[in-house]
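Below you'll find the structure, written out as structure tokens, and then a few comments.
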Amino acid sequence: MRMRHDPIASGKRAPVNMSIDTGIVAAARKAGVILSQVSEEASRRAAEKARNAARKEENKAWIDAHRAWVESNELPLERYRMF
């Protein structure tokens, strides 16, 4: 099995204090949901989304220039595409 590199996770744990609605906590516990795992995954996704949005904005000029070039010149090796 090949392990995937996670650019966000450090492998270390940090204790944090969170306030979560008591009804949600009760429902999660009743359902056997591990809140720390769910919170960690949600935080990871939010961080990735924010990082990707920042990267997209940071590279917007290059992306726009590249798209314009492709529109006027077509993709390199386009004639060899089978679809």
Side-chain angles (χ1 to χ4, degrees):
M1 177 185 268
R2 184 172 178 228
M3 292 183 62
R4 222 176 67 167
H5 172 69
D6 185 345
I8 295 176
S10 68
K12 299 176 184 175
R13 296 278 182 244
V16 297
N17 291 324
M18 294 175 41
S19 296
I20 302 173
D21 183 276
T22 56
I24 294 171
V25 172
R29 286 185 177 155
K30 185 175 181 179
V33 173
I34 301 170
L35 289 172
S36 60
Q37 288 177 350
V38 173
S39 298
E40 185 173 298
E41 184 59 30
S43 297
R44 173 192 317 280
R45 288 182 185 178
E48 286 174 350
K49 185 176 179 180
R51 184 185 63 197
N52 291 340
R55 190 175 290 155
K56 186 176 180 180
E57 184 60 35
E58 194 175 292
N59 295 311
K60 185 176 183 345
W62 182 88
I63 292 168
D64 291 343
H66 179 69
R67 285 183 178 154
W69 185 90
V70 169
E71 284 179 14
S72 63
N73 297 292
E74 79 178 13
L75 288 171
L77 307 175
E78 177 73 26
R79 62 183 167 206
Y80 300 111
R81 289 176 70 175
M82 303 297 278
F83 54 96

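Contacts of Leu77 classified as side-chain contact (heavy atoms from CB on, under 4.5 Å), with partners at least two apart in sequence or in another chain: Tyr80. Residues meeting the side-chain contact (heavy atoms from CB on, under 4.5 Å) test with Glu41, sequence neighbours left out: Arg44, Arg45.
Cluster partners of Val33 are Val38, counting Ile, Leu, Val, Met, Phe, Trp and Tyr whose side-chain heavy atoms approach within less than 4.5 Å, directly or via other members. In this structure, Ile8 shares a hydrophobic cluster with no other residue, the cluster being traced through Ile, Leu, Val, Met, Phe, Trp and Tyr side chains under 4.5 angstrom apart. Clustering of Ile, Leu, Val, Met, Phe, Trp and Tyr side chains at separations under 4.5 Å places Met18 together with Val16, Ile20, Ile24, Val25, Leu35.
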Quick one: side chains of residues 58-67, donor-acceptor pairs under 3.5 Å with protein atoms, not counting sequence neighbours, listed by atom name and distance.
from	atom 1	to	atom 2	distance (Å)
Asn59	ND2	Arg55	O	3.0
Lys60	NZ	Asp64	OD2	2.9

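Residue pairs meeting the salt bridge (charged side-chain N to carboxylate O under 4.0 Å, His left out) criterion with at least one member in residues 8-21, sequence neighbours excluded: Arg13-Glu40.
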